[in-house]
Each structure stands twice: as structure tokens, then as C-alpha cells.
Number of protein chains: 2
Amino acid sequence: MHLKTIDMTAPRARTLVPVDVTTIQERVYQSIRLGLLRGEFLPGEQVTIRGLAEVLGTSAMPVREAVARLIAEHAIEQSGPRTLRVAPYHATEHQNYIRIRMQLEGYAAERAASAPKNPALIDALRRHNDDIAEALNVKDFDAALAGNQAFHFELYRAAGYPQILDIISSLWLRTGPIVASARRDEALFTRLFKTGIRIHGNAIDAVAQRDRAAARHAINLDIRSSHLAIRRFSQR
Amino acid sequence: MHLKTIDMTAPRARTLVPVDVTTIQERVYQSIRLGLLRGEFLPGEQVTIRGLAEVLGTSAMPVREAVARLIAEHAIEQSGPRTLRVAPYHATEHQNYIRIRMQLEGYAAERAASAPKNPALIDALRRHNDDIAEALNVKDFDAALAGNQAFHFELYRAAGYPQILDIISSLWLRTGPIVASARRDEALFTRLFKTGIRIHGNAIDAVAQRDRAAARHAINLDIRSSHLAIRRFSQR
DNA sequence: ATATGATATATGTGATCTCATAAATCATAA
DNA sequence: TTATGATTTATGAGATCACATATATCATAT
């Protein structure tokens, strides 16, 4: 075949770009994960492998393995011998997760505040916080949730531990659907995030001044206050 | 069928006992998990689904899902498009895990020390610690590892958070093969655990006196000192 | 009217087969 | 001698089929 004599390394305008080589399973996993964080599932909602496969336009096989991974993260649980559901809300269990999150996210915030000064980080955090405020003004609750998540993960990423980010994001997978379900109460949701914006401001100041204790305290306050609001919502 | 007229609720000597209803997948998962904690795999060792299936006497299917769960826990990773291996040792990554463990296990120890006095717990902890010493005397390193694990998890269980136990045990899944691999150096291993026994003693005293700070400190010291020893071993 | 059994349906689990391809080996040509 | 292409082998990924059984519905008998 004579085509092989073409020199692909010659300096020509090549527009070829790497193709997506991720497996279907991986994309299914990310898709369900995102759906959980966005609150597209209710806590306790039943799901089926075949059902998810149909919605996602694939077969059962990749969904099975993606679900196995989500079960390992306790985002999905087996409520019976042949039934799967999104992790439901249980007050005491949720409170335990909140305490664990305070330990880990508080530590990550502390480390982020200990890192060398990083004006770009401060700018990014302010921008995410402004995004939340803007989203609330136009009642775009999806965007508010996304902005809140972006703020927190931007901060934790600055701690410089990819490993702690993984664990935290797996914890958010469990509390995410619960926070997101609070969207049903507009007033509560707005109040919740208004408070959050204020506390985020304190966290940003703490990081800007490299005040570790204040950063940890602000993040812990943020987690605790949103937990208390949600608890009141979920228990009535 | 006339048998159905027998009254099974009558007070007779029934010896029937519930049968094992767990799935093969679950047993495969537990089996691999235990193997990792026992150090039956080396860090970075390649594994195959078919290979594991054969060793475990089952087909590929249950192994695939069990492996998917272990991948979600970062105990096994995909090093290439079609290759699986036990998570390898990387110094900085491992150090990050150590720091995370200090946060979580320190917190769990603190909570255990805050709980009401529990003489049975103290006894159990002392017993586990004695088991380690005894195992070292007869150079039974498997038993020493098991005793160490039993000690830590007995303590953390007393914190009263099933959720934190899950996360910690998933972290041990990653550091476990590394600690276990230190068995190859008898002298190091013995020294490592001799030190551990002493520090465990401090931890037990702290819990007995309900001294939260001391309990956290002892556990953190235990984690850090074993980390430092392992690091010296792994890096030469 | 209630409880028990039969039936139908849905669903996770497991086994098996196929396929694309990564890795290794070997052959060939410049 | 070296580099390139062909060949073989192993392996994860995906599809499909079969199966046991949980759940719900309905029928029947007491």
C-alpha cells in the first residue's frame, strides 16, 4: 500500500486529535456519579441495572461494573437480595458522615491555607463564590450547587493531596443527593446558600492570610450549618 | 404432601441454622481483600481476572465485579488498557495516605477515648497487644500482623462510627500490602512491632483514663513511626 | 374474610462466547 | 545490524443467555 510512504512527521498542518479511549464502563460510572452529585436521584430511590442501561443507551454489562464501583463507595446500596437503591437518608448515619467530612475537609482547608500564597487560587475561589450568588439571584439551583461544589473542590485541590480529594468526593457522593433534594424547598435552599456564601468569604480571607486555624474553622462551620438546615428539612 | 402438617414452631430440638446466602462475588471480594491485608500480594504485582478466578475456583464474572469494587477503593489499579495490578508503592503518595490516616484514625481514637468507660474494651485491647508480643516471640509474623490489625480496629470500632471504620479499612487496603511486604526483613519487622507494642500501651492507658488528646497522639505516633521504618525499608 | 398456594414478572447473578487490542515474538528487508 | 511489519498469545470489555428467586398478583379453600 503506497500510503505508508507518506511522512506523518513532516511539518504539515495536522489536525488529528487524540480520540476518546475510555471504556463504556468508565463513562457510565462518571455519568451516574455526576447525576448523583447533581441531585438527579433522590435518596433511597430504587434503580435497576437494566433501567440505567436503557437510559444510558448501553447494555447491562458496563452498568454492572459501574454499579459495583458505586456500591464500594456506598453511593448505591443493595437493600435486598435483588434490589439496588441510592443510599437513603438516615439522620444518625448522615451525622456521622458530616463529622468525618469535617475532619477531612477541615484538614484539607488547613493544608490549603498553609501552602505558599497563591493569588490565582484566591481569585478562583472568589469567582466560584460569586457564581453561587449570581445563580441564586436567577433561581438557577443547579448552577448554585455546581458553584458550591466547584468552590469546595478548588480549595481542597490546593491542599496538594490527590488522595484526599478522592475520599472527599466519594463522601460528597453520599451527602450530595441529600443536599440536592433540598431544592424542593426554595426558601430553605436560598437561605442555606446565602449563609454558605458568607462563610465561604471567611474561608477565602483565611486562606489569603494563611491562617490555618481560621480556614479549618470556616469550612467546618460551612459543613455544620448546611447539615443543620438539611436535617430540619429532611425530618419533617 | 403430608409433611406440611408438621408444626415447625413446636418446641422441639431444631438444629437448623441459617445457610450462607452471600453471593460468590461477595466472597471473592472478601477473599481478595483479606489476601491484600495479609500481604499475600506484593505492591505493584500484576493480577489477571482469569488468574484470580482460577485460584478462587470460580468463573471470571464474579471476579470482574469484585475487582471493580477494589479498583474503586484504589486497592487495585489499571496500569494500562488491559492490565491490572495491586497498587504499587510510591513514596509521596504513601506519605499522603499516612497523613490522611493520621487524621481519621487519630479522630477515631479520640472518639473512642471520649466514650464512657469500658473495661471490656481495655481488656480486649491488652489482649490483642499481648497477642502481638507472643507472635513476635515465636516469629509468627502473620499472627503479629493480624494482632496489630485487631488492636487498631477494636479501638476504632469503639468510636461508634461504622462509617469511619469503612473508610479506614479501605485505607489499610492500600498501606497493608506495603507493611506486610516488610516481613522480608525480619529484624526491621521485629523492631517495628516492638515499638508498636509500646505505643499501643500508651494508647490503652489514654483510653482507660479517657484522655482524648493522649489517645490521638499515641495513635498518630504509632502510624508515623511505622511509616518512617517502612519508608527506610522500601527505599533501598 | 382471611390465609394459603399458584402464577407471572422482574431482576441480580453467573457462565460463556466473541472481539479488539496490547504485548511479545519472530521474520524480513534495507 | 537495525528497524519495520507480520504473527501469535493473552486479556479486559462487552454481549448474550440461563437461572434462581424476590415481589406482586390472582385464585382457591377454609
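Nothing here was measured: the structure is a model prediction, and the numbers come from that model. Residue numbers start from 1 in every chain, and the chains themselves are labelled A, B, ... in the order their sequence lines are given, proteins ahead of strands.
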Can you list every salt bridge (charged side-chain N to carboxylate O under 4.0 Å, His left out) pair that touches residues 72-81 of chain A, not counting sequence neighbours? A:R33-A:E73, A:E77-A:R85

Which pairs, with at least one residue in residues 160-183 of chain B and sequence neighbours excluded, count as a salt bridge (charged side-chain N to carboxylate O under 4.0 Å, His left out)?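 Applying salt bridge (charged side-chain N to carboxylate O under 4.0 Å, His left out) to every pair that reaches into residues 160-183 of chain B, excluding sequence neighbours, yields B:D142-B:R183.
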
Sequence neighbours left out, what pairs pass side-chain hydrogen bond (donor to acceptor under 3.5 Å, both in side chains) with at least one residue falling in residues 36-64 of chain B?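 Listed by first then second residue: A:E65-B:R64.
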
Under 4.0 Å protein heavy-atom contacts per nucleotide of nucleotides 6-13 of chain C, with B for base, S for backbone only and - for none: -----BBB

Please enumerate all residues that pass salt bridge (charged side-chain N to carboxylate O under 4.0 Å, His left out) together with B:E154, with sequence neighbours excluded. none

Spacing between [X] atom [atom1] and [N] atom [atom2], to the nearest angstrom:
X     : N      : atom1 : atom2 : result
A:Q46 : D:dT23 : CD    : P     : 9 Å
B:E54 : D:dT11 : CD    : P     : 11 Å
A:M61 : C:dA15 : CE    : P     : 12 Å

Can you name the residues that form a ring pair (Phe, Tyr, Trp, His ring centres under 6.0 Å) with B:F189, not counting sequence neighbours?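 B:F189 satisfies ring pair (Phe, Tyr, Trp, His ring centres under 6.0 Å) with B:F141, B:F193 only.
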
